[in-house]
Number of protein chains: 2
Amino acid sequence: MSTLSARSEDYLKTIYKLQSERKVVRVKDLAVTLGVRSPTVVGVISGLKDSGLVDQEHYGYISLTGAGEKLARTLVQNEELLKSFFREILDLGPDEAEANACSIEHYITPTCRERLVAFIRFLEVCGKGSPKWLDHFRHFLHTGEPPPCDRCGEMLPGEEKKCTKE
Amino acid sequence: MSTLSARSEDYLKTIYKLQSERKVVRVKDLAVTLGVRSPTVVGVISGLKDSGLVDQEHYGYISLTGAGEKLARTLVQNEELLKSFFREILDLGPDEAEANACSIEHYITPTCRERLVAFIRFLEVCGKGSPKWLDHFRHFLHTGEPPPCDRCGEMLPGEEKKCTKE
DNA sequence: TAACAAATATAGGTGAGGCTAACAATGTCC
DNA sequence: GGACATTGTTAGCCTCACCTATATTTGTTA
């Protein structure tokens, strides 16, 4: 399986997403979603058909093959993980988180992705809510004020209660 | 100034970096560094000359114009900031950190970059060394063990001393 | 069912960024 | 200073992902 271009992966992911919304996927849907013209979609889809990732009859609907769906699922999962990072840690809005996730997904190394995923997992194992340090980061992000505690184990006045945990 | 392609930005950054190593920059240097053939470099450089970002005499050395250097400096600074994030927070090796920084630099939104920068700054204002939570993350990253404290304010046995700070 | 609207496909073009092969300029060394 | 290696340029070709204009097919509806 020759390696797919970033753009082809975008097409694949979009088909997957539209399909999982129980919608039938047409050329026009992809064109609208991806912001391109129909002939562009036809061209890219033609390549994906040749790669055995997409099925489409002449003038018919577009669907993923087994292989296509498997690959698309992986891609969408990766994108979701990145999106979580951008939303939950960097506090970006949903749309911006998605946009960033979608575009950088193609360019980061596997290790880098693993690390970002680990970061999100770390958040989860830190407890149900967000850990204190993340609250402090958010506060710093939006106000510019430094976090209430200075160095490990050193509390600022009146922070004994708040600063007991990472 | 029409917006530069990601690839052109790579060329610009590479010229800047080679130039700041006090090296004279030749077509061949760029070709080797960027992993392409000379005619490709000539083609891209030709575009950068048209944009007024690069100077080069026929069969001569390549250098940045004032505008080119200004732009390149910004690009390299952004890349450095991202690299810091990948190295210091995600604990990637220098080369992988650089590779990721270099490629995603073109694709993240300005806000996203600001947030990543803020994250690094947050680390700095947290104190001279790395904050406890980052140590905990690294430990989690490399061992899979959850952090020693569970929820804000709740210590695990024997963790009263270690877990007093984020 | 014929006509028309909407969707898809084809033909052909563009620009970016690659390539090879061939040619031109430069530099080095005897 | 001539020969040869190195480097830069040109010419010409490729692929990808876009475009417009036009043709074809399908769906709807009078």
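Order of the sequence lines fixes the chain letters, A, B, ..., with proteins taken first and strands second; residue numbering starts at 1 for each chain. These figures come from a predicted structure and were not determined experimentally.
Counting to the nearest Å, the P atom of C:dA9 and the CG atom of A:Leu30 are 11 Å from each other. Atoms CZ (B:Arg37) and P (C:dA22) sit 15 Å apart, rounded to a whole Å. Regarding A:Leu34, its CG atom lies at a distance of 16 Å from the C1' atom of D:dC19, rounded to whole Å.
Aromatic ring orientation, B:Phe140 versus A:Phe122: tilted (interplanar angle from 30° to 60°).
For the pair B:Leu12/B:Leu71, a side-chain contact is recorded, criterion being any heavy-atom separation below 4.5 Å from C-beta on. Between B:Ser103 and A:Ile108 the shortest side-chain heavy-atom distance does not fall below 4.5 Å.
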Note to self: Does the protein touch nucleotides 2-16 of chain D at the base, only the backbone, or not at all? Give it as B, S and - per nucleotide, heavy atoms under 4.0 Å.
What the structure shows: -----SBBBB-----
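Of the candidates A:Val54, A:Thr33, A:Asp29, A:Ile15 forms a side-chain contact (heavy atoms from CB on, under 4.5 Å) with just one, namely A:Val54.
B:Val76 and B:Leu18 fall within a single hydrophobic cluster, where Ile, Leu, Val, Met, Phe, Trp and Tyr side chains are chained together by heavy-atom contacts under 4.5 Å.
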